[in-house]
Amino acid sequence: MEKKIIAVASSNANKIREMSEILTEYSFVPMKDLGFDEDIAEDGKSFRENAYIKASTVAKALGVPALADDSGLCVDALGGAPGIYSSRYSGGGNAENRALLLKNMEGEEDRSAHFCCCVCLCGPDGSAVYGEGKTYGKILCAEEGSGGFGYDPLFFSDDLGKSFGVASAEEKNAVSHRARALNDLKSKI
């Protein structure tokens with residue numbers, strides 16, 4: 001049986017890989033491979049709004065179902081920041097984002113944090129189904145490991161008892177915010 005193709009409203013290879021590893025019954029194709037290479041303004045006020053903006057834009061443009069996720073790290077001591085701005089927190093890349101987070105957390109005793117993810121599967125008609133997931137932990141004082149991506153080396157997972165930076169892909173996918181959001185979505189489709 002041929003897998004159903006779903007366009008992914010993202011150019012983040014790490015996210016697409018995780019989606020493929022978690023929802024193995026679908027074939028996820030990056031939007032650019034299907035001919036969509038426009039920038040999509042993520043101007044929503046929540047993870048849910050941003051996921052819908054991306055998924056609906058790609059689904060309407062390509063005429064096929066599209067999946068988008070919006071996710072980020074929410075740190076209690078920083079009032080939930082970087083939140084929806086996680087990928088552009090410092091204005092630089094992943095290393096710069098982690099450095100700014102460590103700087104902003106200097107002297108903070110409350111290091112509790114969680115990753116939040118909202119995924120949205122949209123049809124070309126604008127119909128939408130959502131999945132949401134969170135995973136809890138704390139911000140480390142220094143990076144541990146070089147695995148994963150983004151803030152993973154700074155996030156100590158309560159579920160795993162170690163940083164996402166040292167966790168295997170299988171371990172992370174078992175407890176991650178994205179896995180939980182995708183499994184929540186899967187239960188609704």
Side-chain angles (χ1 to χ4, degrees), residues 1-74 82-89 91-94 97 114-135 147-152 155 164 167-189:
M1 183 168 113
E2 196 169 313
K3 292 182 180 184
K4 182 174 183 173
I5 293 176
I6 297 177
V8 180
S10 176
S11 57
N12 184 320
N14 290 307
K15 285 185 180 184
I16 295 167
R17 177 186 46 77
E18 284 186 359
M19 290 173 181
S20 298
E21 290 171 354
I22 293 164
L23 292 181
T24 58
E25 57 271 65
Y26 298 97
S27 179
F28 294 101
V29 181
M31 62 187 185
K32 287 185 179 183
D33 291 0
L34 295 172
F36 187 96
D37 62 359
E38 299 171 33
D39 285 330
I40 302 170
E42 295 181 45
D43 54 4
K45 303 284 187 253
S46 68
F47 294 117
R48 185 179 180 103
E49 286 180 20
N50 282 336
Y52 179 77
I53 290 166
K54 293 185 279 188
S56 64
T57 300
V58 171
K60 288 174 188 171
L62 296 176
V64 298
L67 179 70
D69 106 323
D70 199 50
S71 54
L73 179 65
C74 303
I84 62 172
Y85 305 105
S86 291
S87 67
R88 48 195 186 273
Y89 187 48
N94 289 331
N97 288 341
H114 66 276
F115 276 113
C116 183
C117 177
C118 182
V119 292
C120 179
L121 178 63
C122 271
D125 63 354
S127 61
V129 181
Y130 297 91
E132 296 185 13
K134 293 180 181 179
T135 190
F149 64 99
Y151 296 95
D152 287 353
F155 184 76
F164 274 176
S168 69
E170 294 80 18
E171 289 173 320
K172 181 184 173 191
N173 287 346
V175 301
S176 78
H177 53 303
R178 188 165 295 107
R180 289 175 174 160
L182 289 167
N183 284 317
D184 184 38
L185 175 71
K186 184 178 176 178
S187 74
K188 298 172 182 175
I189 56 176

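Count residues from 1 along the sequence.
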Pairs touching residues 168-189 that satisfy ring-ring contact (aromatic ring centres under 6.0 Å, His included), sequence neighbours left out: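 Residue pairs with at least one partner in residues 168-189: F115-H177.
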Verdict with reasoning, D125 to S127, per side-chain hydrogen bond (donor to acceptor under 3.5 Å, both in side chains): CA-CA 6 Å; D125 63 354; S127 61; 2.7 Å; yes
Mark yes or no for whether [X], through its side chain, and [Y], through its backbone, hold a donor-acceptor pair below 3.5 Å.
X    : Y    : answer
S56  : G126 : no
D70  : E49  : no
K54  : D69  : yes
S86  : L73  : yes
N97  : S87  : yes
E171 : S168 : yes

Answer yes when [X] and [Y] have at least one side-chain N-carboxylate O distance shorter than 4.0 Å, and no when they do not.
X    : Y    : result
R180 : E132 : no
K3   : E25  : no
D152 : K172 : yes

Within 6.0 Å of NZ in K188, more than 12 heavy atoms from elsewhere: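 For K188, atom NZ is crowded (more than 12 foreign heavy atoms under 6.0 Å).
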Spacing of M19 atom CE and L23 atom CG [to the nearest 0.5 Å]: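 M19 CE to L23 CG: 8.5 Å, rounded to 0.5 Å.
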